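Order of the sequence lines sets the chain letters (A, B, ...), proteins ahead of strands, with each chain counted from 1. Given the structure is predicted, the values throughout are model-derived calculations rather than measurements.
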Amino acid sequence: VRISLRWLRDYAALDAPLSTLVQALVDTGTEVDDVHRDAEGAVVARVLALTPVPKSKRGVRIADIDAGGAEPVRLLTGAPNVGAGDLVVWAPPGTRLPGWDQPVGTRVMFGMASPGFLCSAVELGLGDDADGLLLLERGLPGQPAGEVLDLDAVLEVEVTPNRPDCLCHVGIARELSAALGEPLNEPPAVVPEALSSVSPAGSRVGVRVEDPQGCPRFMARIIEDVAIGPSPEWMQRRLRAAGLNPINTVVDVTNFVMLELGQPLHAFDLDRFRQATPGGGAAAQVVVRRARAGERIVDLGGREHQLQEHDLVVCAGTRPVSVAGVIGGDDTGVVPGTRTVLLEAATWDGPSIRATSRRILAKPTDASMRFSRGLSDTLPPAAIDRAAALIAELGAGRVLRGAVDEHRGALPPIPPIVVPDGRLEEILGCPVDPSEAATALARLGFSVEQEGGRLRVAPPHFRRDVRIPVDVAEEVGRSLGYARVPSTLPGRRRPVGELAPHPPVEERVRDVLVGAGLDEAITYSFISPAAAARLGGAGERRSPIPLRNPLKEEWSVMRTSLLPGLCGALELNLNQGLGDVSLFEIGRAYWEGERTAPPPGSTPDGADAALPPLPEEPLLLGLVSQSGDGRADTVAGRIRHLQSVLAFAGHDLAGVDMTIEPDEIPGLRPGRSGRIVAGGRRVGVIGELDPDVLEGFELRGRVAAAELRLDGLVPEVPRTPHFRQPPRHPAVVLDLSVTVPAEARVGSALEIATEAAGSLLETVEVLDEYRGGATGARKSWTFRLTFRVPDRTLNRNEAQARHEAVAAALETRLGAEVRR
Amino acid sequence: VSPDASATGGTVASAGGEHLDDLHTLGSRALDEVAAAADLGALEEVRNRYLGRGDGLISARLRGIGQIPDEAARRQVGKTLGELRSRVDDALEERRRDLERAAEAARMGAEAIDLTRPAPPLRRGHLHPVTRCAREIRRIFGHLGYTAVGGPEVEYDRYNFELVNMPPGHPSRDVQETFWIDDARLLRTHTTPVQIRSMLEMGAPLRIIVPGKTFRRDYDATHFPMFHQVEGLCVDEGIALSDLKGTLEYFARSMFGPDRAIRLRPHHFAYTEPSLEVDVSCMVCGGSGCATCRQSGWIEILGSGMVHPNVLRNGGVDPDRYSGFAFGMGIERIAQLAYGIEDGRPLFENDVRFIRQ
């Protein structure tokens with residue numbers, strides 16, 4: 001909220017420098033986002049000479065002024081009251097004047113540029129005199145105007161949700177006066193007898209609250225013989241300073257009181273209200289209730305709102321005419337011809353107002369923002385009386401005697417809080433003198449009884465947020481300042497329990513991937529439905545969970561795979577001219593309906609059982625590698641690289657061999673894709689992105705991709721390696737060359753060879769593959785078989801026998817022919 | 001033809017008559033030729049000419065010594081020839097070594113590499129700055145005995161709001177604009193629900209940090225709809241606000257440098273009481289005021305407070321016996337401050353030129 005410094009000074013002296021006041025607010029928990037000083041930049045200037053502009057019919061003159069600079073400044077002024085030698089205020093271009101939307105500029109008139117202008121009192125926010133320039137008694141040319149004039153300043157204050165009492169000038173003045181130890185003078189709220197009418201308000205209006213929980217209090221006053229006109233200049237200035245536009249006397253008074261005391265008010269035109277009442281009688285019938293489905297209200301701005309059953313409404317008889325606490329209706333508001341006003345001051349249920357306001361309005365109104373936070377039901381009498389008194393004092397109407405006060409839903413009183421001796425010290429960790437604490441609380445409006453070290457604290461009505469001793473500790477802590485709290489570290493002797501934690505799975509995997517030359521990306525967890533459908537990755541064939549209120553279509557469903565996001569990252573890099581990029585990401589995806597057990601730490605009451613289960617959140621590793629040259633063997637090399645990286649990670653981190661099972665996978669190119677198998681389980685997919693997918697993501701070149709699930713694969717507790725002595729006995733190494741049918745796969749051959757070779761085989765690897773030429777439709781492979789036994793030197797004949805067994809097995813099971 | 005060719009042929013004839021002077025001439029000629037040999041091949045020719053097994057000019061004369069009749073002369077010639085052979089042999093050896101060294105030097109010259117040429121870059125990847133920063137935070141709190149734990153990113157309203165003291169309709173919900181899946185489920189707006197889950201799972205005493213993704217329905221120059229937080233929670237008997245202050249001071253100085261100071265500012269969070277925001281003295285200007293700290297000398301880094309008794313209770317912890325403090329910080333913000341990232345927008349663009357720094 002915007003707080004005017006001059007307005008604050010109505011309630012407390014606050015004559016400390018502005019920076020001290022700002023610091024006091026910040027130190028006690030009220031953030032000050034910004035400070036605007038009125039006419040900041042304006043300076044004192046001495047008029048050196050005045051020359052009439054010949055062409056001007058209105059007596060505009062050229063003024064040469066000394067504004068403290070090396071050269072005099074020349075500009076135009078139309079003011080008649082100034083003469084050479086006078087001290088005036090010059091607002092140079094860029095100065096912001098109170099109530100002006102734009103900074104001061106340079107005008108061109110009579111063929112000359114006139115930088116800024118010389119100010120009148122009203123332009124500086126210093127009174128109503130707009131007829132001539134403000135002439136200063138003292139000051140030096142070039143001195144900031146703020147040093148010689150009592151200019152206002154506006155603080156943009158951020159109030160936390162628990163402190164609705166600080167959303168007004170009296171509230172902020174209270175905080176400041178408590179912090180600075182100054183007395184607080186709250187505004188009077190008595191309607192002077194002389195200005196009141198004899199007839200009671202109750203004769204003109206009846207109030208019935210049907211939902212006292214939703215509306216704990218509703219007060220009404222009647223003001224008759226109303227003369228609608230502009231409010232006085234001083235009030236308009238205050239409203240503008242606080243960011244509101246003046247409208248007319250009655251509306252301005254309600255806004256003024258809201259900004260002063262924090263209680264929003266609403267003014268109805270009583271006659272229009274009665275006309276809006278179906279079958280209306282002589283007295284207005286105010287009914288407060290929850291809306292019925294299908295009811296509508298057109299608000300003051302002419303917008304129609306569809307009401308729902310939990311919305312609170314103020315009705316004229318049976319017809320809703322105002323969305324309670326949020327926005328007034330169009331056909332019962334105050335208009336220029338209004339003669340009689342029905343003034344409303346009510347207390348509303350915060351959550352109800354919040355729900356309605358958030359549903360029907362893009363931004364809360366000044367009223368709904370305050371009511372949402374839950375206001376005290378002690379505020380309405382003071383506020384409605386203050387408003388009525390102001391209207392009467394301004395001569396804008398006659399106030400009928402008394403108020404109608406429907407207060408059946410009175411909020412429960414706040415019970416006093418007993419703070420035992422030593423409790424404040426326990427919480428804050430530093431000694432607290434109980435008397436000092438009591439004084440600080442009393443300044444904030446609390447009633448405190450001190451019995452030795454024990455405090456009995458009764459919060460004021462506007463501090464419904466203070467309930468228990470820790471709340472009191474906060475009030476004491478922020479008043480005394482946390483600077484006095486020492487810095488300590490918690491520490492107690494306790495038996496050894498938990499063991500040193502291991503680095504998490506994802507961190508260990510990250511190290512491997514970074515070492516392998518891939519850069520880490522972090523992409524959004526929400527993606528577009530089209531991207532999700534295009535590339536399922538390890539989450540293939542799963543429907544993504546839609547968000548109910550996404551920011552945009554592009555971010556409207558929860559990812560089931562990391563690959564779409566990574567493709568987006570590749571696209572961004574390509575657009576920056578960066579090809580040959582390899583990225584990885586480790587993060588969660590969201591698989592609806594697949595969580596097998598509730599997450600750890602669910603409440604023991606079983607309340608979650610009635611709710612839809614949370615989705616499974618697999619920890620995925622996604623990898624993409626773009627190659628720009630478009631060649632089949634380049635991208636094949638990239639797939640191979642990803643395979644090597646995964647094999648290394650699988651071996652090093654999980655102690656498992658990762659193999660690939662060729663398969664057709666949606667989004668990946670047939671013949672160049674497969675499933676990653678680890679420990680007998682399918683854990684992911686690998687391959688080259690399909691051309692359609694590339695096009696969908698607007699990717700050029702070709703892209704290798706892989707994705708696998710890490711949780712359940714890589715153990716939480718790192719594998720402990722066993723270091724063995726390397727073999728001392730020599731190996732027998734035998735090569736085997738075969739031709740095989742073109743469709744044969746190395747993976748099967750290795751399996752067959754391993755099985756046939758038996759326990760003497762140490763390793764088998766493929767040395768080369770040759771296709772075409774003399775072998776025709778067949779291709780040839782050369783394997784290198786290494787045989788060894790740990791405890792003796794292997795006999796070459798033994799190895800030879802196994803070698804032949806392998807050859808025979810390949811012949812029978814794979815259709816191989818041995819080349820000799 | 002060498003003038004000695006006849007002498008070589010006529011060993012016997014000349015054996016007795018050769019003058020010692022001639023031998024000396026032979027010797028100096030041999031040494032001259034050794035010195036003049038330009039390469040190992042030429043040197044070998046010189047060796048053969050003088051010391052060759054069969055007909056070397058010196059070897060042959062040595063072999064013919066026996067035929068010198070006069071014993072004294074024989075001894076004299078034998079001694080002279082022996083010395084001559086050793087000198088030539090030594091000279092050959094020395095020359096051979098010189099030639100080899102020269103050849104080696106020439107070879108090395110040819111193999112020289114230009115070390116001023118920059119080496120090809122090592123192809124190693126880079127961690128995302130958010131990961132780097134999270135690791136650093138985890139390291140610091142690891143030293144204080146905190147264990148990192150996780151929790152679901154799609155949460156129930158109950159854990160995200162209700163159980164941390166923000167019932168439906170609570171105004172504090174307004175500062176955490178929420179992405180909803182349905183009436184019960186949402187994307188967690190903070191890592192605070194993991195406080196509840198951890199207390200229920202592990203009980204008190206407890207020291208955890210929770211790094212993880214969080215989501216709020218905000219998107220502008222300084223807000224991302226997805227960001228990362230680290231929650232911290234310490235619950236034990238006798239935990240006071242001074243422990244919070246000391247812990248966060250340790251963190252701030254470890255993260256931002258030993259000269260940093262912290263300041264606690266009162267604030268409000270529904271799940272802590274008292275609640276505080278923590279500022280660190282500006283790492284750019286050291287506290288004297290600059291553009292980064294908006295002339296205040298202080299930069300806000302996190303929110304914190306003493307765990308509200310309701311939250312302890314909801315976590316199954318007895319607030320009459322235990323107390324605790326909690327804090328939550330945005331990793332992006334810490335990373336921006338620690339790594340001097342002035343504009344946070346590139347963080348989720350994944351431009352490799354940004355990541356590879």
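Proximity to chain B (any heavy atom under 4.5 Å) is shown, for A/P364, by neither the backbone nor the side chain. Contact of A/Q23 with chain B is made through the side chain alone, with heavy-atom distances under 4.5 Å. If you measure heavy-atom distances from A/L572 to chain B, the contacts under 4.5 Å come from the side chain alone. Neither the backbone nor the side chain of A/P164 comes within less than 4.5 Å of any heavy atom of chain B. Only the side chain of A/E617 comes within contact range of chain B, with at least one heavy atom under 4.5 Å from a heavy atom of that chain. Of the two parts of A/L578, only the side chain, counted from C-beta on, holds a non-hydrogen atom closer than 4.5 Å to a non-hydrogen atom of chain B. Heavy-atom distances place both the backbone and the side chain of A/R373 under 4.5 Å from chain B. Within the 4.5 angstrom heavy-atom criterion, only side-chain atoms of A/R595, from C-beta onward, approach chain B. Residue contact with chain B, scored on non-hydrogen atoms closer than 4.5 Å, involves the backbone and the side chain of A/A607 alike. Contact annotation for A/A355: neither backbone nor side-chain heavy atoms come within less than 4.5 Å of a heavy atom of chain B. Contacts between A/N575 and chain B at a heavy-atom distance below 4.5 Å are absent for every atom of the residue. Of the two parts of A/T603, the backbone and the side chain both hold a non-hydrogen atom closer than 4.5 Å to a non-hydrogen atom of chain B. The contact between A/P615 and chain B is made by backbone and side chain atoms together, counting heavy-atom distances below 4.5 Å. In this structure, chain B has no heavy atom under 4.5 Å from any part of A/M369.
Taking 4.5 Å as the limit, every side-chain heavy atom of A/I586 sits out of range of all side-chain heavy atoms of B/T131.
Chosen from A/L583, A/D471, A/L566, the residue pairing most often with chain B at heavy-atom distances under 4.5 Å is A/D471. Interface remark: of the candidates B/I181, B/V130, B/D174, B/T247, B/D174 forms the most heavy-atom pairs closer than 4.5 Å to chain A. The candidate with the highest count of non-hydrogen atom pairs below 4.5 Å against chain A, out of B/R135, B/H267, B/H228, B/H308, is B/R135. Ranked by heavy-atom pairs under 4.5 Å with chain A, the first of B/F215, B/F348, B/F325 is B/F348. Between chain A and the residues B/G316, B/A240, B/P274, the most heavy-atom pairs under 4.5 angstrom are made by B/P274. Of the residues considered (B/K213, B/M306, B/R263, B/M202), B/K213 shows the highest number of contacts with chain A, using heavy-atom pairs under 4.5 Å. Ranked by heavy-atom pairs under 4.5 Å with chain A, the first of B/I355, B/T147, B/V352 is B/V352.
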### Query
B/R185 and A/E592: salt bridge (charged side-chain N to carboxylate O under 4.0 Å, His left out), yes or no, with the steps?
CA-CA 12 Å; B/R185 300 182 300 172; A/E592 183 76 307; 2.8 Å; yes
### Message
Set out, in order, the CA-CA distance, both residues' side-chain angles and the distance that settles salt bridge (charged side-chain N to carboxylate O under 4.0 Å, His left out) for A/R358 and B/E177, then state yes or no.
### Response
CA-CA 11 Å; A/R358 286 173 66 88; B/E177 290 294 339; 3.2 Å; yes
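Atom OH of residue B/Y250 and atom OG of residue A/S487 lie 14.0 Å apart, to the nearest 0.5 angstrom. B/R265 CZ to A/T30 OG1: the interatomic distance, rounded to the nearest 0.5 Å, is 11.0 Å. Going from atom CD of A/E507 over to atom CG of B/L127 covers 7.5 Å, rounded to the nearest 0.5 Å. Distance check: B/L264 CG to A/R478 CZ gives 15.0 Å after rounding to the nearest 0.5 Å.
With hydrogens and angles ignored, the 3.5 Å screen pairs a side-chain donor or acceptor of B/R217 with a backbone N or O of A/P550. With hydrogens and angles ignored, the 3.5 Å screen pairs no side-chain donor or acceptor of B/S242 with any backbone N or O of A/T488. Judged by distance alone, the side chain of B/N350 and the main-chain N or O of A/I522 form a donor-acceptor pair under 3.5 Å. For A/N549 (side chain) and B/T178 (main-chain N/O), a donor-acceptor pair under 3.5 Å exists by modelled atom type.
Between A/W555 and B/Y219, the ring planes lie perpendicular to each other; the angle is over 60°, past the 30° to 60° tilted range.
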